[in-house]
Amino acid sequence: MKILKLPKANFQKFLLSLKNYGEVHIPKKKSEESYVFAPMEDPSEVALEYLRTIIPPKKYFFKPKESIFHYGDGNHFNEHIEDIDKKIVLFGLHPCDIHGLKILDIVFGTGYIDKYYFARRRNVLIIGLSCMPDERCFCRSMGTDATEDGFDLFLSELKNSYLVTVGSSQGDDITNDLKDLLGEITKKDTNEYLKIRNERKKRFKLQLDISDLPYILELQRESEVWDDLGKKCLCCGSCSMVCPTCSCFNVYDNLSLDTKKGERIRQWDSCLFKDYAVVAGGHNFRANRADRVRNRYYHKQHGFVTQFGKPSCTGCGRCIQYCPTQIHVVEVFNKIRGEE
Ligand code: SF4
Ligand code: SF4
């Protein structure tokens, strides 16, 4: 593992230099407590203090809505992969969001390989950034508060510099190209890193005990907690849309009026929506809100664990921040554990 040092005095030059590798996207402030990943027009726009964007980085790889092919013109269809040739440098991902992408890699790469997702995944360089948790972060409980892979470069903030960890050959090329901006790390830097790391560890206030959670969920399938939750949840789907690992989508056709031409659309969907589980004949397997909420929680902390050996939640806190009825995922699991 190669680790270098970027003095803060060189940070803006570093950010500008990233334009040589693609269109640079950074976290930007949108309103008091809201941030978005968006193209960088000026390096001064970067919101280094951000903790979570509204929509996670999945939007770059798994688009909210995209046309996947057109048809017509005789019997032919033309495949279409949006942004297939677009190089992007995505700057500022925190460890939980890097883990979110690693989970999506499993989802879109197991069994059927989703070429739309991976075509864009190959074209995006990931530059990670360290963070200090707030009261909604529980990534430490989920084991996603740090990462040793899944990035090209990772910047860990010190007082006057960043430690730059190289995570790929492309990241190595960048550090070679930008060697004039970088330096060697010293013992003092290491000590400073350890001090900040220990301080960060103390700042995690929210915790979710996931030991034997799938087992407890198995025992609690009929718990009244799900009925109570069903009364509170609007099934608006916001938690799915902002979740870095939710990956459900719908597929439908837009046809021309004469039905001879059209396009096939793929669009984000949510298992919280009422018609999500409707099948041919009109039967709805999850007609009740309580069933739909329970399904989402079981998928994250039971089904995914059973299938892939880990939960599909990164503890990013987005669903806590953006739920209009203040449903709190950790409180729900604490109730299920009888630890209210
Ligand atoms: S954001 Fe809240 S109200 Fe909306 S579906 Fe999710 S849990 Fe229910
Ligand atoms: S379930 Fe909530 S906390 Fe977990 S990854 Fe999704 S949005 Fe983040």
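The first residue of the sequence shown is numbered 1, and numbering continues consecutively from there. First listed ligand is number 1; within each ligand, the first listed atom is number 1.
Counting only protein atoms, the N, O or S atoms lying less than 2.8 Å from atom 8 (Fe) of ligand 2 are Cys316 SG, ordered by chain and residue number. Excluding waters, the protein N/O/S atoms found under 2.8 Å from atom 8 (Fe) of ligand 1 are Cys233 SG.
For the pair Lys310 and Phe304, the cation-pi criterion (under 6.0 Å, within 45° of the ring axis) is not fulfilled. Cation-pi check for Arg264 over Phe69 is not met; the charged atom does not lie both under 6.0 angstrom from the ring centroid and within 45 degrees of its normal.
One finds no salt bridge joining Lys335 and Asp228 here, because no Lys/Arg side-chain nitrogen approaches an Asp/Glu carboxylate oxygen to under 4.0 Å.
The side-chain contact (heavy atoms from CB on, under 4.5 Å) test with Pro43 is passed by exactly one of Val24, Leu15, Leu18, Ile26: Leu15.
Nearest heavy atom pair, residue Ala119 against residue Asn123, reads O-ND2, 3.6 Å.
His25 places no side-chain N or O within 3.5 Å of a backbone atom of Met40 that could act as its donor or acceptor partner. Between the Arg337 side chain and the Asp209 main chain, a donor and an acceptor come within less than 3.5 Å of each other. In this structure a side-chain-to-backbone donor-acceptor pair under 3.5 Å is missing from Glu82 to Lys63.
Between Phe108 and Tyr116, a ring centre-to-centre spacing not shorter than 6.0 Å is recorded.
Ring geometry for Phe37 versus Tyr60: interplanar angle over 60°, hence perpendicular rather than tilted (30 to 60°).
In the vicinity of Phe138, heavy-atom distances shorter than 4.0 Å reach the ligand 2 atoms 3 (S).
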